[in-house]
Amino acid sequence: MAVSGFEGFEKRLELHFFGDDPTEMDLNNLGRGLGLRRLDFDSLQQVLHAVQCTVVSAVGNLYFDSYVLSE
Amino acid sequence: SSLFVYPDKIIIKTCGTTQLLKSVRPLIHHARHLGLSLSSVRYTRGNYIFPESQPFPHTSFKDEVVYLEDSLPNSLRFRKASVMPSKIPTHSWHVFTASTEIDLGDVFTIEICMTELDKVSAGKFFRRPSDGKNGDSAGKEMTEATAIGNINPSALICDYAFDPCGYSMNGIDGDRYSTIHVTPEDGYSYASFETVGSRHGGDDIARVLKKVAQIFRPATMSVSTTSAGRDVWGRVASALEPLGLKRRSCAADEFPSAGTVVYQTFTTRRK
């Protein structure tokens, strides 16, 4: 096995979702327009656990939430 | 690594030996509880520096595609997987997309991968022993020392420095994110930059590219642009070549739900 260092090159995954009822395409109908942002932190942590990551820092604004992760 | 959660999309970008694709099934499951269904997927990556260290399903692009195909609902019927080549043996760009319809938005994404960073630049991403700081305050110090904040002065920055080295930052500016990850160790130094833009944002991309190249001064840089409505890829070479980064290859391919992906590689003449 070659001597390995920390793998810098990333894997990137982007998933898009829509409301079951096409009339709910207007984000304001997705529960106060939050859609996926209504995922609670436990659910996010479950997903991140599957990816062997944890949150080390976070910031959000009107449009989206962002998290810095540590592997 | 970084995670971005919008009302209608989620983006996860991880380095190291994480099993990123294992997030697909739980995300579909949790989103369904919110009354949301998956409409499209895009998976991209460069070549690993240490491929033999990657766990399943990241053991090969073929394994990744099979795993993704098995994880997705049949409703995502427009699918495509492609490995885009370059003239540099260690560089190619892997893309997989799937969607329920051929719906091209008007957002473009630019994903930059840089290797063989300038040693002085990379040196700024090492923690000073017993610096008395935590990841946040050391991250802030690195952001200031490298002028990363000037890439998009109007962005709010969330930064973090790892011990003994390494750095991650997310920038948020309205509905646009940007993100940087740095692995500065000599011999396999690496930095990435990514951001999104919309129709009127493409003009700024040349200035951003210059700033990024000046901060990290890589010997090799790949730039992947994914866009439906806007050909930002044409601005890349004219931004980088004055900085001594010569374009070595350019490959383009169409994807049903993402539009056109253009993958370009650049190296300095010192190569």
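All chains are named by letter (A, B, ...) in the order of the sequence lines, taking the proteins before the strands, and each is independently numbered beginning at 1.
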What closest approach, in Å, do B:Pro55 and B:Gln19 show between heavy atoms, and which atom pair accounts for it?
->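 Reported closest heavy-atom pair: CG-CG, 3.5 Å.
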
Residue pair B:Tyr167 / B:Gly139: nearest heavy atoms and the distance that separates them |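 The pair with the smallest heavy-atom distance is CE1-O, 3.6 Å.
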
Would you please classify the geometry between the B:Phe125 ring and the B:Phe216 ring as parallel, tilted or perpendicular, with 30° and 60° separating the classes?
->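 The arrangement is parallel - the two ring planes meet at less than 30°.
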
Part of [X] within contact of chain A (heavy atom distance under 4.5 Å):
{"X": "B:Asp175", "answer": "both"}
{"X": "B:Tyr48", "answer": "both"}
{"X": "B:Thr115", "answer": "side chain"}
{"X": "B:Thr179", "answer": "neither"}

Heavy-atom pairs under 4.5 Å with chain A, option from [options] with the top count:
{"options": "B:Ser168, B:Ser39, B:Ser23", "value": "B:Ser39"}
{"options": "B:Asn170, B:Leu27, B:Thr183", "value": "B:Asn170"}
{"options": "B:Thr44, B:Leu21, B:Leu156, B:Thr17", "value": "B:Thr44"}
{"options": "B:Phe96, B:Tyr43, B:Tyr6", "value": "B:Tyr6"}
{"options": "B:Val24, B:Val41, B:Thr109", "value": "B:Val41"}
{"options": "B:Gly46, B:Ser192, B:Pro26", "value": "B:Ser192"}

Say whether B:Ser53 and A:Glu7, considering side chains only, have a donor N or O and an acceptor N or O under 3.5 Å apart.
->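 Looking only at side-chain atoms, A:Glu7 and B:Ser53 do not form any donor-acceptor pair under 3.5 Å.
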
No-hydrogen, no-angle side-chain donor-acceptor test under 3.5 Å, B:Ser178 and B:Asn152 |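 No pair is found: no donor N or O on one side chain lies under 3.5 Å from an acceptor on the other.
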
Give the member of [options] that has the highest number of heavy-atom pairs under 4.5 Å with chain B.
{"options": "A:Glu10, A:His49, A:Gln46, A:Arg12", "answer": "A:Arg12"}
{"options": "A:Lys11, A:Gln52, A:Arg37", "answer": "A:Lys11"}
{"options": "A:Tyr67, A:Phe64, A:Phe6", "answer": "A:Phe64"}

When you measure from the centre of the six-membered ring of B:Tyr160, is the NZ or CZ of B:Arg127 under 6.0 Å away and within 45° of the axis?
->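 Relative to the ring axis of B:Tyr160, which defines the angle, B:Arg127 lies outside at least one limit.
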
Salt bridge B:Arg77-B:Glu101, side-chain N to carboxylate O under 4.0 Å |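 Not counted as a salt bridge, because no side-chain N and carboxylate O are separated by less than 4.0 Å.
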
B:Arg79 (side chain) donor-acceptor with B:Leu76 (main chain) under 3.5 angstrom =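 Yes, because the side chain of B:Arg79 sits within donor-acceptor range (under 3.5 Å) of the backbone of B:Leu76.
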
Tell me, side chain or backbone of A:Leu62 under 4.5 Å from chain B's heavy atoms, or both, or neither?
->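 Neither part.
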
B:Arg45 and its side chain to side chain donor-acceptor pair (under 3.5 Å) partner, picked from B:Glu111, B:His58, B:Glu64 =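 Among the candidates, only B:Glu64 passes.
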
